[in-house]
Number of protein chains: 2
Amino acid sequence: MAAELWEPIRPPGSLAARIAERVEELMTEEQLKAGDRLPPERELATLLGVSRPSLREAIRSLAAKGRLSVRHGQGVFVEAPLTTKRLTSSLNSDEHDLDELYAMREVLEVPAAGWAAKNHTESGLERLQEAYELLVDAAGRQADWDELQRLDAGFHEAVVRVAGNRFLLRTLGVLNEIMAAGMETTLRHPGRLQQSAKEHTKILEMIKAGDSRGARAAARAHIRGAHAAALKYVEQQIQDAE
Amino acid sequence: MAAELWEPIRPPGSLAARIAERVEELMTEEQLKAGDRLPPERELATLLGVSRPSLREAIRSLAAKGRLSVRHGQGVFVEAPLTTKRLTSSLNSDEHDLDELYAMREVLEVPAAGWAAKNHTESGLERLQEAYELLVDAAGRQADWDELQRLDAGFHEAVVRVAGNRFLLRTLGVLNEIMAAGMETTLRHPGRLQQSAKEHTKILEMIKAGDSRGARAAARAHIRGAHAAALKYVEQQIQDAE
DNA sequence: GGAGGTATATTGGCCTGACCAGTTGACCGG
DNA sequence: CCGGTCAACTGGTCAGGCCAATATACCTCC
C-alpha cells in the first residue's frame, strides 16, 4: 500500500531548510562562487521575505556542512566545495579515521579470502576470474583511475561473494563506499598499481588452489600494502598543501 | 616565527557552535543515545543558560549534519550515526542465516578482543569491569532472560569499545540488533549460562593482562560455544514443534 | 464497552525589535 | 605622516510573543 500517496501539501520542510536549499542551489549554479560574500543578514532576510532568525538558522546549517563560513563583523562567505577529496575532511571526521578503516578491511577481507579458498564453486570461480581479467585489462590499457578503482573493488567483492557470507559482503560494501567517497584510489601511488596486480594474482591463485592459509596471507599482505600506500598518499597531500 | 603565539583570548566559537559541540560530546559519551529525545527547546535553553534562538541555531547545525532530527510537535531526537544507518539497511537486505551470523561475529569479535588487550586504557577497563559485574550480578539473582541478553550484549560492546575501532563497534552493534530481534538468547540453553560466565571471565582476565593472543583465543571459544548452543536450541525448537 | 470527536497541553516554527560585540574605514589632531 | 578616535557597518545574542503540528485525556454517542 502506497501510504506516501497523500502527503501533506504544505511546502516541504522548515523555512530554514528551504532557504538553505535555495542557497545551495545558487552555489551549484555558480551564481555564488567560492569566496563570495552574501548580503548582510538583515538585508538578505528582507530580500527573501523571512525573519532574521530563520535566515540565521539556514546559514548555520550550511556552515555546519562547511558550505559557508561566517565571520563576525565581516559577513558570510561561500566556502570552496569539498570536491577536493581530502582525507582530512571526509575520513577524518569524528566518525572514523583511516587506520581504523584499513584495520577493518583486514579483519574482514582476510577471513573472506580464506573462506573463498575453501568454499569455491565453479560458477563463483568463473566470476572471480572474470573480475580479475577485467581489472588486468583495464590496467594494461591505462584506463582512468575511476574505472580502475571500480574494477579493483569489483575483484574484492567477487572474492567476498565466493566466500559466501552475506553479512561480510554487505559490511564490506558499506566500508568500500565510505572509503571510495573519502579518498582517491591508492593505485595512483607510483608503483602501487603494479604491486597491487601481483598481489591480486597471488590471491586468485591461492583461492583457486584451495589454499586457505595462503589466501589469507596474500589478502593480508595486499591490504597492508594498500594501507601503506594510503598513508604515503596522505603525507603527500599534506606536503602539497604547504 | 610563531605567529600563533598571540591568539585572541575569547572563548572559542559562537555560542551556538559551543552548544552543538557540547551536545556532540554527550552523544559520543553515549549519554545521549540514538532515538533519545532532547528536552524541549524552552527548557533546554534555560538549562544551558542560553536563549532559544541560539539553541535553535545549534540544533539546526546538528540536524544539517544528520546527528539530530527535529519533528514539529514532538521534539528533537538523536539520530544514529550515518555509518550505523547504512550498515543497518545494508545488512537487513538479505535473509539472515545463523551460521553466517556466528561466523561474522567470530570474524569481528576475535580481533576486537585482541585489540582490547593491547589498547586498554584505565577508564575503558573500568567500564568493562563494570559491564562484567552487572552481568554477573544479574546471573546470580536469576534475572529474566531479556535482561541477561541485554547485559551480555553490554559486556561484548564494552570489549569492542576498549578495542577502539568505531566502525567495528557500529558493525557489531547492528549485528547485535539483528540477533536480539531474530532469536532468543542462547543463554537459555541448559548450562550455557554458567559456561558463558566462565568464558566471559576468561576474556576479561586476558584483556586486563594485556595478553592479546589469549584474549583472541578466549573470544573465539566463547563465540563458538554460543554458536553451538544456538544450534542445539534451534534443534530443540524443531523437536518441540513436532 | 467501543468508536468517534473535542478540548487542552505540549512541542517546535516563526516573527518583531532591541541591544551587544567585533571590524573596518573615515576623519581629525598632533 | 602617524596615531587615535569615532561612527557605520557586520554578525551575535536576547526577550517575548503568537502560530501550527502533535499527543493525550476525556467525553459523547451509539
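Chain naming here is simple, since letters A, B, ... match the order of the sequence lines and numbering starts at 1 in each.
- Checked against side chain to side chain donor-acceptor pair (under 3.5 Å), Asp94(B) has the following partners two or more places apart in sequence or in another chain: Arg170(A).
- With His96(B) contributing its side chain and Leu101(B) its backbone, the two residues share no donor-acceptor pair below 3.5 Å.
- His227(A) and Tyr102(A) have parallel rings, their planes meeting at less than 30° on a 0 to 90° scale where 60° marks the start of perpendicular.
- The aromatic rings of Phe155(B) and His200(B) sit tilted, their planes meeting at an angle between 30° and 60°.
- Using a 4.0 Å cut-off on heavy atoms, none of the residues of residues 19-26 of chain A approach DNA chain D.
- Judged as a side chain to side chain contact (heavy atoms under 4.5 Å, CB included), and not counting sequence neighbours, the contacts of Asp144(A) are Asp146(A), Glu147(A).
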For nucleotides 8-18 of chain D, 5' to 3', base contacts (B), sugar-phosphate-only contacts (S) and non-contacts (-) with protein non-hydrogen atoms under 4.0 Å give --BBBBB--BB
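- Partners of Leu187(B) according to the side chain to side chain contact (heavy atoms under 4.5 Å, CB included) rule, which considers only residues two or more places apart in sequence or in another chain, are Trp145(B), Leu148(B), Asp152(B), Thr185(B), Arg192(B), Leu193(B), Ser196(B).
- Partners of Thr201(B) under the side chain to side chain donor-acceptor pair (under 3.5 Å) rule, at least two apart in sequence or in another chain, are Tyr132(B).
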